[in-house]
Number of protein chains: 2
Amino acid sequence: MAMSNITGSFQLMKSLNRSLVLNKIRSAGAVSRAEIAKETKLTPPTVTKLVGELIESNLVKESDMGTSKGGRKPVLLTINDRQFFAIGLDVGARKIRGVLTDLNAKEIVNDQVDLHKDISSDELTMLMIKMIKSLITVSNVKKEQIVGVGVGMHGIVDNEKGVARFAPSYHLREIPIKDSLKEAVNLPVFVENDAKAMALGELWFGAGRGFDNLICVNVGVGIGAGIIFNNRLYHGNNSVAGEVGHTIIDLNGRKCSCGSYGCLQTVAGGDSIAERAIRELSFGRKSLLMNKTSTRDEISGELIYQCAIEGDELSQDILSETGKYLGIGMTNMINLMNPAKLIIGGGVSKADNFILDPLKEVVSKKALTDEVKNTDITKSELEDRATVIGAVTIVLADLFTPDLLNLK
Amino acid sequence: MAMSNITGSFQLMKSLNRSLVLNKIRSAGAVSRAEIAKETKLTPPTVTKLVGELIESNLVKESDMGTSKGGRKPVLLTINDRQFFAIGLDVGARKIRGVLTDLNAKEIVNDQVDLHKDISSDELTMLMIKMIKSLITVSNVKKEQIVGVGVGMHGIVDNEKGVARFAPSYHLREIPIKDSLKEAVNLPVFVENDAKAMALGELWFGAGRGFDNLICVNVGVGIGAGIIFNNRLYHGNNSVAGEVGHTIIDLNGRKCSCGSYGCLQTVAGGDSIAERAIRELSFGRKSLLMNKTSTRDEISGELIYQCAIEGDELSQDILSETGKYLGIGMTNMINLMNPAKLIIGGGVSKADNFILDPLKEVVSKKALTDEVKNTDITKSELEDRATVIGAVTIVLADLFTPDLLNLK
DNA sequence: AGATTTTAATTAAGTGGCATAAAAATGAAA
DNA sequence: TTTCATTTTTATGCCACTTAATTAAAATCT
C-alpha cells in the first residue's frame with residue numbers, strides 16, 4: 001500500500017480533536033477550556049462541545065477553579081480518575097507482577113506471584129487470570145469500570161494477535177495470551193513485549209515525558225529495546241523490532257543462545273555479568289562477593305550491583321566493563337536510529353551509575369557526530385515498575401490516543 | 001510534545017483526500033473516478049469534485065476511455081506529465097549527476113560533471129547551479145513548469161536546513177546548499193542524504209513499490225541506509241539516522257575513518273574490497289586482476305566486480321567475504337528494525353550476486369526469528385540512477401504527499 | 001463603590017466539505 | 001428496442017467546525 005491511506009471524514013476530524021482535547025487534559029493534569037483552545041488551536045466553542053461530551057462519558061470531570069489572570073476564573077478540567085481503571089501485568093522470567101491503576105497510572109492495588117522455570121502455557125495463563133481477578137476483587141472496583149488489561153511479556157510477542165511467540169525463560173512457544181485472557185475475564189486485552197511496554201511507560205509516565213522519539217532499553221538477562229517514533233511504539237514488520245541484544249558487536253565473540261556469535265547479550269546481558277565475576281574470582285581476585293556467597297551459583301547480577309554500591313572494586317570493574325560493552329551496542333543503535341532520548345532500564349537501574357557512566361562515555365566517544373555523541377541518555381525513572389506501568393499504559397494509550405491514522 | 005498533535009479541520013480533511021486521490025492516480029498510472037471512489041472509500045461526488053480541482057490545477061488530465069464492464073465506459077485519469085517537471089541532482093564523491101524528469105520521474109534530459117577531490121564549497125555550489133540551469137535550457141521546459149529541485153548529497157545532511165553538514169569525499173563542512181540554490185534559481189529546493197534519497201526513489205519507483213516500511217542501503221566507500229517508516233523517510237533527531245556503516249561489528253577490528261574500531265565500513269565498504277584484493281595478491285594469489293592492472297592504485301571495487309563476473313576466483317572470493325560481513329551489518333539492522341524489505345544499492349548492484357548471495361545467507365542464518373530470517377532482500381532496481389531519481393522523488397513527494405500530519 | 005477592563009465559557013448563526021439520493025450519460029446485453 | 005449495469009454528475013442534507021455575539025465572573029481603575 002503506497003501512501004498515507006487516510007481518508008478525511010467528519011468522524012476522523014472529530015476523533016482527532018477529541019483525542020487532542022482528552023490528551024491535553026491528561027498530560028497537563030488540570031487545564032481550563034480556554035487553555036486547551038489556545039494550545040490545540042481549536043476554537044473555544046469546539047472545545048466546550050468536546051469537553052461536554054467527555055464529561056458526559058465520565059472520562060473527564062470539572063475540578064477546582066484556577067487562578068484568575070485578570071478576569072473570570074477558569075474551571076480546571078481533570079481526568080476523572082476515580083471512574084475508570086486499568087490493569088497491567090508484567091510477566092517476567094521469574095514472576096508475574098500485577099497492578100490495578102487509575103487513569104493516571106496511579107497504583108490502587110498490586111500483586112505478584114513467583115513462577116517456576118518449567119511452567120506450562122496453561123499454568124501461566126491460569127496464574128495471569130487469577131491475578132487479574134484478584135486485583136479486581138481486592139481493589140473493590142466494578143468490572144465495568146475497568147477499561148482493559150495490558151500485558152508486558154518477555155520474549156518475542158506478536159502484539160497484533162496477542163500471542164507470546166517465544167518465551168525463552170520457560171521455553172514456551174505460541175501462548176495465546178490475548179484470546180485466553182479475553183475469554184476468561186471478558187475485558188479488552190493488549191499484549192506487548194516487555195521492553196516495548198516499558199518504553200511506552202517511560203514515554204507517558206517516566207523519563208521519556210516530552211519526547212516523541214526515543215528508545216528504551218531493557219537490560220536483563222536479555223537486552224531488548226522499545227522504539228518510539230512519533231509517540232507510538234514501532235513494531236517492525238513482524239513485531240520483532242528492538243532485538244538489540246542479538247545485534248553482533250564482536251565477530252569473534254562467544255556463542256549466544258540464539259546461535260550467533262558475539263551478540264551484545266553475550267557480553268552485556270545479565271548472565272555475562274555473573275560469569276565475568278566468577279572468572280575473575282577464579283583468577284584469585286579478592287572481592288566482597290567472596291564473603292557474601294558460598295557457592296558460585298549464588299553470584300548474580302543483583303548481588304554484584306549491591307557489592308559495587310558497597311564499594312567492592314571487582315564488582316565495580318565488572319559493571320564498568322559491562323557498561324562499555326553496552327555502550328557499543330547503544331552507539332550502534334544511536335548511529336542507526338538517532339533517537340532524541342535513550343532510556344536504560346531493567347536490572348541496571350539498581351547498579352547506580354556504575355554501568356551508566358562508562359556507557360555514556362563510550363557513546364560520547366564513538367558515536368558519529370557531535371550531536372549524537374551528546375544523545376540524552378538516562379536511566380529508567382519507573383525502575384522495576386517500568387514494565388508493569390508500561391502494560392497499563394498500553395491500555396491507556398488505546399483509550400486516550402486511539403490509532404486513528406492507521407499507522408502501523 | 002506528547003501526542004499526535006493533529007488538529008482536525010476542514011482543510012486537513014480536504015488536503016488528506018486531495019492527496020489520497022492524487023496519489024491513487026499517480027500510483028495506478030490510470031484510473032477512473034469510480035475506481036478511485038471504491039479504493040479510497042470516498043464517495044463518487046467527492047471524487048468528482050476533487051478530480052475537477054486537480055484537473056483545473058493542471059496536475060491531472062483525462063486520458064483514454066477504459067473498457068466497459070457492462071455499463072458506461074470509465075474515463076481514465078492520469079498525471080498530466082507534460083505540464084510539470086522536477087529536477088534531481090546526485091552529488092557523489094566523484095561527480096554530480098543531474099536529471100530533469102516529468103512527474104512520473106521519467107527522464108527528459110540528463111547531465112553530469114566530474115568533481116576533483118579538493119573542490120571548494122563555492123565551486124561545488126556553482127557547479128550545481130550551472131547544471132540546474134543547463135538542464136532547464138536543454139530540456140526547453142519553462143521555469144514555471146518546474147516544481148522543485150531535489151539534491152541527494154553524500155555525507156551528513158541536515159535536510160530541514162538544507163545544509164550538507166559534512167561531505168567526507170571533499171572534506172567540506174556546512175555547505176548551505178538549499179539557501180545557495182534557492183537564491184540562484186528561485187525554485188523550491190530539497191536537500192537530502194544520498195542513501196535517504198535512494199530509499200525514497202526505490203520506494204516510489206523501484207524495488208520498494210508496494211511497501212511502506214523498508215530500508216535501502218547504499219554500499220559504496222561509505223555504507224549508508226535510508227529508512228522508510230509509514231511511507232516516509234525517517235531522519236532521527238538530528239538527521240543522522242541510517243549510519244549503518246559506522247555500526248561496530250568487530251570489537252577488535254581495524255580503525256575506521258570515524259575513529260572507532262571495527263565499523264561495518266572497515267570490512268564491507270568499497271575501500272576494504274580493494275585492500276583485501278591487494279593483500280591477497282601480495283600473498284601471491286593468482287588473479288585476473290594482475291593482468292588488468294599495472295599498479296596497486298588501479299585496483300578498485302569496480303574492477304573487482306568486473307573480474308568476478310568474468311570468472312576470476314579471487315575476485316569472487318573477495319566479494320563473497322564482503323557479502324558475509326555486510327550480512328552481519330544487515331542482520332543487526334534487521335534484528336533492530338525488522339523492515340518489511342531490505343534493498344541493497346550502490347556499487348554493489350554491479351557485483352551481480354557475488355555479494356548479495358552470501359549476504360542473504362548470513363541473514364537467513366543469523367537473524368533472530370524465522371520470519372526475519374526470511375526478510376525480503378533484493379538489490380536496487382534503479383541501480384546507479386537510484387540517488388538521482390530519489391532526489392527527484394523528494395520533490396514529487398512534497399507535491400503529491402505533503403506532510404499534512406506533521407509527523408517528524 | 002461603581003465603572004471599566006479582562007478573561008472564561010456559552011449561545012447563535014454561518015460555512016466548508018463530505019454524504020446520501022437521485023438523475024443523467026453511456027454502453028452492454030437481452 | 002428494451003433492459004440493465006456502470007460511470008459520472010447534480011441536488012440536497014448534514015456534520016463539525018468557525019465566526020460573532022452574549023453571558024459570566026473576576027480584577028483593576030477612577
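In the text below, chain A, chain B and the rest are named by the order of the sequence lines, each starting its count at 1.
B:Ala37 pairs by the side chain to side chain contact (heavy atoms under 4.5 Å, CB included) definition with B:Pro44, B:Val47, not counting sequence neighbours. A search for salt bridge (charged side-chain N to carboxylate O under 4.0 Å, His left out) contacts involving B:Lys341 returns B:Asp376, not counting sequence neighbours. Remark: A:Val395 pairs with A:Ala86, A:Val147, A:Phe190 by the side chain to side chain contact (heavy atoms under 4.5 Å, CB included) rule, at least two apart or across chains. Take A:Phe229 and apply the side chain to side chain contact (heavy atoms under 4.5 Å, CB included) test, not counting sequence neighbours, and it matches A:Asn213, A:Ile227, A:Tyr234, A:Met337, B:Phe229, B:Tyr234. The salt bridge (charged side-chain N to carboxylate O under 4.0 Å, His left out) search around B:Asp158 returns none, not counting sequence neighbours.
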Exercise. Going 5' to 3' through nucleotides 10-16 of chain D, assign each nucleotide B (protein heavy atom under 4.0 Å from a base atom), S (under 4.0 Å only from sugar-phosphate atoms) or - (no protein heavy atom that close).
Key: B----BB
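For B:Lys106, the NZ atom is loosely surrounded, since the number of other residues' heavy atoms within 6.0 Å does not exceed 12.
Regarding A:Leu42, its CG atom lies at a distance of 9 Å from the C1' atom of D:dC17, rounded to whole Å. Between A:Leu50 atom CG and D:dC17 atom C1' the separation is 10 Å, expressed in whole Å. Rounded to whole Å, atom C1' of C:dT20 lies 19 Å from atom NZ of B:Lys41.
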List the atom pairs, with distances to 0.1 Å, where a side-chain N or O of residues 196-203 of chain A and a protein N or O form a donor-acceptor pair under 3.5 Å, not counting sequence neighbours.
from     : atom 1 : to       : atom 2 : distance (Å)
A:Lys196 : NZ     : A:Ser239 : O      : 3.3
A:Lys196 : NZ     : A:Ala241 : O      : 3.0
A:Glu202 : OE1    : A:Ala207 : N      : 2.8
A:Glu202 : OE1    : A:Glu381 : N      : 3.2
A:Glu202 : OE2    : A:Ser380 : OG     : 2.5
A:Glu202 : OE2    : A:Glu381 : N      : 3.2
A:Glu202 : OE2    : A:Leu382 : N      : 3.0

Anything under 3.5 Å between a donor and an acceptor, one on a side chain of residues 65-77 of chain B, the other on a protein residue two or more places apart or in another chain? List them.
from    : atom 1 : to      : atom 2 : distance (Å)
B:Ser68 : OG     : B:Gly70 : N      : 3.0
B:Ser68 : OG     : B:Gly71 : N      : 3.0
B:Ser68 : OG     : B:Gly71 : O      : 2.5

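Under a 3.5 Å cut-off, the side chain of B:Asp102 and the backbone N or O of B:Ile108 do not form any donor-acceptor pair. The main-chain N or O of B:Gly8 is found under 3.5 Å from a side-chain atom of A:Asn17 such that the two form a donor-acceptor pair. Side chain of B:Lys143 to main chain of B:Val185: a donor-acceptor pair is present (N/O by atom type, distance under 3.5 Å, no hydrogens or angles).
Applying the side-chain hydrogen bond (donor to acceptor under 3.5 Å, both in side chains) test to every pair with at least one member in residues 47-64 of chain B, sequence neighbours left out, gives these pairs: B:Lys14-B:Glu53, B:Arg33-B:Glu62.
Contacts with DNA chain D (heavy atom under 4.0 Å) in residues 29-40 of chain B: B:Ser32, B:Arg33, B:Ala34, B:Lys38, listed by number. Within residues 66-79 of chain B, the residues approached by DNA chain C to less than 4.0 Å at the level of any non-hydrogen atom are B:Ser68, B:Gly70, B:Gly71, B:Arg72, B:Lys73, in residue-number order. DNA chain C lies under 4.0 Å from no heavy atom of any residue of residues 52-62 of chain A.
Minimum heavy-atom separation, A:Leu399 to A:Leu59: CD2-CD2, 3.9 Å.
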